[in-house]
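Below is one structure, written out as structure tokens; comments come after it.
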Amino acid sequence: MKTLTVSVVTPDGPVLEDDYEMVSCKAESGELGILPGHIPLVAPLSINAVRLKRENHVDKLAVNGGFMEVRPDKVTILAQSAEKPSDIDIDRAQRAKERAERRLQSKQDDIDTLRAELALRRAINRLSVSS
Ligand code: ATP
């Protein structure tokens, strides 16, 4: 089976570098499935899971924003944050989710609303990837 090298980097440092058969992620334009030999592409990523498939196994990452650069033999993801399921602190994500929900219910001005919505999406994404 052909593979491509996947490299995931955040401001805190490298998160993962390994070879996979397929990368699935959610770009702002929709779902993307990247196989080896894909045409070069740069796409902004949304707050979502990235799924990395090899043989019969899928590794998941909770990715928060950033960009993906695709070349035929390599996928590079540069994200604000990216965590493996084992690195996700579930209690922390649960607290972040509840805090964001409380802020959204208190209905402050628009900027706070957007910020709380993004925090809520990050927390839900982490909880979903860790489960
Ligand atoms: P919190 O309010 O709990 O800080 P956040 O969504 O605001 O959550 P981010 O700004 O997205 O946090 O991330 C800051 C740093 O903390 C990043 O390095 C990220 O990987 C890490 N991080 C955030 N939440 C968690 C979590 N639940 N488990 C593990 N690492 C986390």
Side-chain angles (χ1 to χ4, degrees):
M1 197 69 180
K2 278 204 273 183
T3 59
L4 36 71
T5 303
V6 178
S7 171
V8 181
V9 181
T10 74
D12 296 333
V15 173
L16 173 146
E17 173 143 342
D18 213 336
D19 294 337
Y20 291 95
E21 291 158 9
M22 180 167 165
V23 181
S24 307
C25 60
K26 194 155 180 205
E28 285 174 358
S29 56
E31 269 311 318
L32 281 178
I34 310 290
L35 296 167
H38 199 283
I39 54 162
L41 159 83
V42 171
L45 292 176
S46 57
I47 298 169
N48 224 288
V50 170
R51 289 185 171 72
L52 305 165
K53 186 170 172 293
R54 182 172 50 212
E55 283 147 12
N56 290 320
H57 184 78
V58 177
D59 286 330
K60 288 192 291 181
L61 290 176
V63 172
N64 161 29
F67 285 86
M68 126 186 279
E69 184 203 20
V70 177
R71 285 187 275 126
D73 60 346
K74 180 148 194 191
V75 171
T76 306
I77 292 174
L78 292 172
Q80 278 307 316
S81 67
E83 300 103 29
K84 298 176 183 176
S86 58
D87 291 332
I88 293 174
D89 179 338
I90 294 175
D91 288 345
R92 176 175 168 181
Q94 192 62 46
R95 285 197 302 276
K97 178 172 178 279
E98 284 160 14
R99 201 183 317 122
E101 283 168 344
R102 274 199 306 278
R103 283 188 182 137
L104 288 171
Q105 274 159 14
S106 75
K107 296 208 169 60
Q108 295 181 351
D109 66 43
D110 284 356
I111 294 169
D112 282 343
T113 301
L114 178 58
R115 191 172 154 189
E117 276 167 1
L118 291 172
L120 180 59
R121 285 172 53 198
R122 290 194 298 275
I124 289 172
N125 186 34
R126 287 179 176 123
L127 291 171
S128 139
V129 165
S130 69
S131 67

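Counting starts at 1 for both ligands and their atoms, in listed order. No experiment lies behind these values; they were computed from the predicted model shown. Side chains are part of it too, since the values below use all heavy atoms of this structure and drop only hydrogens, waters and symmetry mates.
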Query raised in the report: With distance as the sole test, does Glu28 use its side chain to make a donor-acceptor pair with the main-chain N or O of Ala43 at under 3.5 Å?
Result: no

Requested in this report: Among Asp18, Thr76, Asp73, Asp19, find the residue that satisfies the side chain to side chain donor-acceptor pair (under 3.5 Å) test when tested with Thr5.
Outcome: Asp19

Query raised in the report: Other than Ile34, which residues form its hydrophobic cluster under the rule that side-chain heavy atoms must be closer than 4.5 Å?
Result: Leu4, Val6, Val8, Val15, Leu16, Tyr20, Val23, Leu32, Leu41, Leu45, Val50, Leu52, Leu61, Val63, Met68, Val70, Val75, Ile77

Query raised in the report: Has the side chain of Ser46 got a donor or acceptor atom that lies under 3.5 Å from a matching backbone atom of Asn48?
Result: no

Query - Over 12 non-hydrogen atoms of neighbours within 6.0 angstrom of CZ in Arg54 - result: yes

Query raised in the report: So how far is it from Lys26 NZ to Ile47 CD1, rounded to the nearest 0.5 Å?
Result: 11.0 Å

Show the short N or O contacts, below 3.5 Å, that ligand 1 makes with protein N or O atoms; if there are none, say 'none'.
from	atom 1	to	atom 2	distance (Å)
ligand 1	2 (O)	Arg99	NH1	3.0
ligand 1	3 (O)	Arg92	NE	2.9
ligand 1	4 (O)	Arg92	NH2	2.8
ligand 1	6 (O)	Arg122	NE	2.6
ligand 1	6 (O)	Arg122	NH2	3.4
ligand 1	6 (O)	Arg126	NH1	2.8
ligand 1	7 (O)	Arg122	NH2	3.1
ligand 1	11 (O)	Arg122	NE	3.2
ligand 1	11 (O)	Arg126	NH2	2.9
ligand 1	16 (O)	Arg92	NH2	3.1
ligand 1	18 (O)	Asp12	OD2	2.6
ligand 1	20 (O)	Glu83	OE2	2.5
ligand 1	24 (N)	Arg92	NE	3.4
ligand 1	24 (N)	Arg126	NH1	3.3
ligand 1	27 (N)	Asp89	O	2.9
ligand 1	28 (N)	Asp89	N	2.8

